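Here's the structure, in structure tokens; my notes come after.
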Amino acid sequence: MDFKTVIGLEIHVELATKTKMFCACPSAFGGEPNSRVCPTCLGLPGTLPVLNQTAIHLALKAALALDCKINETSIFARKNYFYPDLPKGYQITQDANPLAQDGRVELDQLRVGITRLHIEEDAGKSIHTPQGTLLDFNRSGTPLAEIVTEPCIGSPQQARQFLEALKQILQYTGVSDCKMEEGSLRCDANISLSQNGSPGTRTEIKNLNSFKAVEKALEYEVERHKKLLEQGQEVRRETLRWDETKSVTVAMRSKEEAIDYRYFPEPDLPPLHVSQEWIEQAKQEIPELPEALKKRLMGDYGLTEYDATVLTKSPEMSQWLEKIVLAGTNAKSAANWLTGEISRHLKDRDIQIDDLPFSPGDLAKLIQMQITGRINHTAARQVLAQMLKKSEDPEQIAGKLNLIQEDEGIEELVQTIIAQHADAIQDLKDGKDRALGFLTGQAMKLTGGRVDPQKFKDILMEKIHRKD
Amino acid sequence: MIDYHKLSIKQMLDKLELGEVTSRQLTEFYLEESNRLQGKINGYITITPEHALKTATKVDRARQAGRKLSVLAGIPGGIKDNISTKGVRTTCASKITENYIPPFDAHVMELLADSPMLGKVSLDEFAMGSANESSYFGPVSNPWDLDRVPGGSSGGSAALVAAGSAPFTLGTDTGGSIRQPAAFCGVTGIKPTYGRVSRRGLVAFASSLDQIGPIARTVEDCAFVLQAISGYDPGDATSADLKVPDFTASLINDVKGMRIGIPTEILSDCPKPSIAASINDAAKILEQAGATLVDVSMPYEKEALAAYFLVGTAEASSNLARFDGLRFGYRGEGNGIQEVYESSRKFGDEVRRRIMLGTFALSTDACGECYARGQQARKLIMDHFSEMFKEVDVLLMPTSPSTAFKKGEKKDPLAMYYNDIYAIPANLAGLPAISVPCGLDNGLPLGMQFMAPKFREDLIIQAAHTWQCLTDWHLMTPREVE
């Protein structure tokens with residue numbers, strides 16, 4: 001039997017605003033329960049929503065970064081249902097007239113269409129305990145963007161790939177911090193298997209708390225659908241919960257049938273008009289996006305795909321790279337340090353690169369010291385260890401710790417040149433004398449002209465012949 | 001105690017300015033009047049003497065110190081009990097919010113901070129009704145005949161002014177709820193243009209129709225109150241960002257050249273001949289004063305009623321969903337959320353009826369068509385008004401198809417809804433409208449209304465004020481409560 005997997009994703013992201021969607025309460029994660037609430041986000045009688053313009057701006061940026069068409073007029077709607085953490089008994093969202101439609105995310109082997117992006121408010125949180133359900137309305141009213149993909153994702157792996165790419169784009173544009181563990185990015189998945197061109201029944205999976213869970217749950221569903229269909233049974237159209245501990249999907253028990261949300265246009269808010277000027281302004285604020293940035297780093301600096309991928313994981317990392325290069329050191333060395341030592345330190349301490357106590361300029365200095373052989377690699381790591389404790393000039397640290405070397409420095413330099421120019425080294429071994437000039441030039445370039453070219457040549461030739 | 005009944009609001013303001021009277025004196029007088037008649041009329045749900053006197057004293061001191069005061073400073077009034085008052089219970093005349101104390105003031109209350117609040121005034125539960133019979137705290141009696149209803153939903157507001165318990169009250173009008181009781185009680189009431197007065201703090205019934213407005217004995221009094229409560233509020237996204245004109249400047253006795261449109265179907269179809277006659281008589285008087293009468297056609301009365309009961313109830317069903325007993329208000333007992341909901345939502349019959357109707361109107365069972373159709377009909381009605389207002393400056397018609405009926409008389413809900421048939425179009429189209437007394441029928445007041453284009457309160461004030469310069473109907477007072 002020939003099955004084709006059809007996956008669609010529905011993603012909710014919390015927009016990185018200071019305040020909530022319709023009131024001035026701070027929008028932040030955590031906090032004492034019910035400490036960031038007011039009459040409006042508690043749904044007290046007589047309260048009215050006041051639109052957070054920043055939320056719209058961020059949603060616009062997201063929509064533009066996803067290559068969507070912006071609807072200059074969009075309309076808020078009420079989605080009516082009763083649930084204890086929904087204070088008004090309705091959610092203000094957008095229904096028939098969303099902010100944006102028809103976008104796409106294009107990666108190398110993957111193209112995912114975006115059906116729509118709209119804005120809405122979040123509900124509060126229900127915490128179920130054996131004694132009863134507790135309600136925390138801190139989250140009530142948080143601004144959300146809902147992003148719906150076309151049902152065009154062909155595998156659970158691609159779904160995960162897409163989510164990684166989406167997260168990057170939204171982080172790059174400053175729209176959201178996309179922390180699934182804090183709930184600032186949530187994902188529901190829809191999946192069906194089509195047979196010989198005829199569409200299958202779709203199931204919806206909820207309670208996916210990580211990208212890994214999305215992938216695993218979808219893999220599980222693919223298998224489950226397959227088995228049912230191969231046995232000639234029907235797949236039931238239902239909503240399932242992913243059970244993280246048992247690694248299975250479980251049908252969610254619902255007493256009634258599908259809820260009738262009775263959507264109608266929100267009478268308390270006029271239609272949202274987004275001018276061309278506003279759209280232009282938002283466009284201007286979108287930085288170079290990760291895919292494009294990756295390709296540029298590879299092109300401009302000759303970095304490998306692996307390095308470029310690691311360096312563009314967050315916008316901050318790639319910014320450090322470019323600042324370090326600007327401060328006067330070569331990209332390959334900078335990339336090595338960032339993807340190696342620095343990444344390891346960040347991971348160990350669970351911090352972001354901008355949390356480091358020193359600047360890109362300081363790091364550039366350190367890297368340069370190692371390249372020129374002023375200090376060797378082990379010493380460089382020692383200096384880094386000091387710099388991580390507090391901000392201090394690497395030259396000073398090296399001096400204090402007595403790590404500065406003289407002639408051995410050129411050894412290091414020669415090693416570096418050999419490592420970075422394998423082709424030219426081969427040429428030299430083959431007897432092409434021009435390669436020597438080239439390699440010496442590279443050494444001068446690397447050290448800003450501060451090496452003795454003759455000394456360099458001598459040691460280089462010695463090393464090469466030694467290898468022979 | 002001096003009888004301040006004869007003073008208009010303007011005269012009270014002048015006397016306050018001159019130091020001939022204090023706000024405290026006015027407030028004490030009206031508090032005493034309120035208490036004296038509360039047993040007969042039941043117009044208040046909560047009388048607030050301490051609150052009122054505190055404000056009065058504060059304002060008197062501020063005035064003495066020469067501080068600048070707001071438009072209506074020192075004038076006591078009653079506030080319909082669906083308008084949020086900080087620290088003072090706001091019951092909406094319902095068991096559900098019987099003990100609900102808002103932690104914030106409605107925008108209009110912020111504007112009236114210098115006007116002593118005599119109390120929170122009775123209404124039909126959640127402002128749904130035309131007789132003030134559905135209040136959880138008991139029906140209100142019409143001062144003209146205590147066995148009759150004062151109209152609704154702002155029945156308490158109209159009755160208190162008619163009885164002399166308050167120089168002004170605030171009411172709300174969603175489908176005639178200021179104008180119809182004003183007519184039944186022989187007083188004046190204004191429904192402003194939708195968006196003229198902020199709805200922030202008003203417990204919402206139908207969000208696209210609700211407006212807060214003044215009820216008082218005269219157009220002049222109403223103009224002063226309207227001035228005080230109007231204006232843009234960024235906290236209400238539906239409030240109009242327009243400069244508020246000086247409404248008191250429209251208090252001129254002049255209708256020369258004013259084109260007054262009179263809808264012919266309404267008069268010919270009117271079930272009560274005396275009502276149609278009162279309009280014709282009024283038209284003649286205005287014509288004699290220089291106005292031009294123009295026959296117009298308003299054929300959409302029935303459609304307007306249907307549209308109102310689809311759109312209004314749909315919005316209401318959604319607005320009332322928040323009353324679930326969990327965060328505020330009455331909470332019942334139950335195992336599990338379903339039982340808690342069911343035991344907490346203790347609405348009265350009329351509210352229940354409208355929630356069901358509105359929920360159905362929005363449901364996919366109704367093909368999702370009802371609400372949309374209602375809005376489409378509304379657009380037609382609005383366009384029709386725009387056409388009419390090309391030919392006329394104001395419209396003149398009856399406020400209600402009947403006079404005050406006896407309590408318990410209107411058992412059929414549809415018959416009750418029919419009471420609002422002349423009032424509803426103004427709400428659907430968002431137009432300003434004023435009801436003024438225009439006669440008596442068997443000892444019961446008759447009311448007529450002027451309507452004007454959006455934001456042209458100046459026109460209805462001018463027309464109505466001229467009417468009150470030419471006639472005496474607004475000077476009548478009910479004998480039952482003398």
Side-chain angles (χ1 to χ4, degrees), chain A residues 21-24 34 37-53 75-92 95-96 124 126 128 132-137 140 255-272, chain B residues 82-84 90 92 96-97 100 102-107 126 195 198-204 206-210 233-239 311 314-315 317-329 336-338 340-341 345 358-366 368 371-372 375:
Chain A
M21 188 81 213
F22 296 119
C23 66
N34 295 309
V37 294
C38 74
T40 303
C41 55
L42 283 173
L44 294 190
T47 53
L48 293 173
V50 179
L51 190 54
N52 181 333
Q53 299 292 324
I75 298 182
F76 290 101
R78 290 191 187 179
K79 179 179 181 181
N80 297 279
Y81 65 96
F82 288 95
Y83 201 71
D85 62 24
L86 191 65
K88 296 189 292 294
Y90 59 87
Q91 176 199 32
I92 301 179
D95 178 42
S126 295
H128 303 288
T133 300
L134 303 171
L135 299 171
D136 177 9
F137 290 97
S140 165
K255 289 193 187 138
E256 332 96 36
E257 288 152 21
I259 301 174
D260 182 355
Y261 291 114
R262 304 187 297 283
Y263 286 98
F264 69 99
E266 170 59 77
D268 289 332
L269 292 170
L272 176 63
Chain B
N82 58 353
I83 297 172
S84 300
T90 300
C92 309
I96 290 181
T97 30
Y100 167 65
F104 67 99
D105 265 331
H107 184 73
F126 286 109
S198 167
R199 293 184 299 116
R200 178 164 59 90
L202 168 62
V203 179
S207 311
S208 71
L209 301 169
D210 293 345
D233 175 16
D236 173 358
T238 62
S239 92
V311 172
E315 291 177 5
S317 71
S318 179
N319 285 325
L320 295 183
R322 66 191 66 205
F323 297 97
D324 57 12
L326 297 178
R327 288 152 290 113
F328 63 91
I337 191 59
Q338 189 67 24
V340 173
Y341 280 157
R345 283 171 70 79
T359 306
F360 179 75
L362 290 172
S363 71
T364 47
D365 280 352
Y371 181 77
Q375 291 285 51

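Each chain gets a letter, A, B and so on, in the order its sequence line appears, and its residues count up from 1. Here the structure is a predicted model, which is why all the values come from computation and not from measurement.
Counting only N and O atoms by type, the side chains of Asp85(A) and Ser126(A) include a donor and acceptor under 3.5 Å apart. Using modelled atom types, one finds a donor on one side chain and an acceptor on the other under 3.5 Å when comparing Asn319(B) with Ser207(B).
At least one side-chain heavy atom of Arg322(B) sits less than 4.5 Å from a side-chain heavy atom of Thr47(A). With contacts defined as side-chain heavy-atom distances shorter than 4.5 Å, the pair Leu269(A)/Ile92(A) qualifies. You'll find the side chain of Phe82(A) stays beyond 4.5 Å of the side chain of Leu86(A), heavy atoms only. Pro103(B) places none of its side-chain heavy atoms less than 4.5 Å from the side chain of Phe328(B).
Of the two parts of Asn80(A), only the side chain, counted from C-beta on, holds a non-hydrogen atom closer than 4.5 Å to a non-hydrogen atom of chain B. Heavy atoms closer than 4.5 Å to chain A are found in the side chain of Leu326(B), but not in its backbone. Of the atoms belonging to Pro87(A), heavy atoms from both backbone and side chain fall under 4.5 Å from chain B. Residue contact with chain B, scored on non-hydrogen atoms closer than 4.5 Å, involves the side chain of Tyr90(A) exclusively. When heavy atoms are compared at a cutoff of 4.5 Å, Thr359(B) approaches chain A by way of both its backbone and its side chain. Interface remark: Ser318(B) contributes backbone and side-chain atoms alike to the contact with chain A (heavy atom separation under 4.5 Å). Within the 4.5 angstrom heavy-atom criterion, no atom of Tyr261(A) approaches chain B.
When each of Pro49(A), Gly46(A), Gly132(A) is checked for heavy-atom pairs under 4.5 Å with chain B, Gly46(A) comes out on top. Looking only at heavy-atom pairs under 4.5 Å with chain A, the residue among Ser208(B), Gly201(B), Pro234(B), Ala314(B) that has the most is Gly201(B). Counting heavy-atom pairs under 4.5 Å between each of Thr40(A), Leu42(A), Leu135(A) and chain B puts Leu42(A) at the top. By number of non-hydrogen pairs under 4.5 angstrom with chain A, the leading residue of Ala206(B), Gly235(B), Gly329(B) is Gly235(B).
Ion pairing of Arg200(B) with Asp236(B) is absent here, as no side-chain N (NZ or NE/NH1/NH2) approaches a carboxylate O to less than 4.0 Å. Salt-bridge formation is detected for the pair Asp268(A)/Arg78(A): a Lys NZ or Arg NE/NH1/NH2 atom is positioned less than 4.0 Å from an Asp or Glu carboxylate oxygen.
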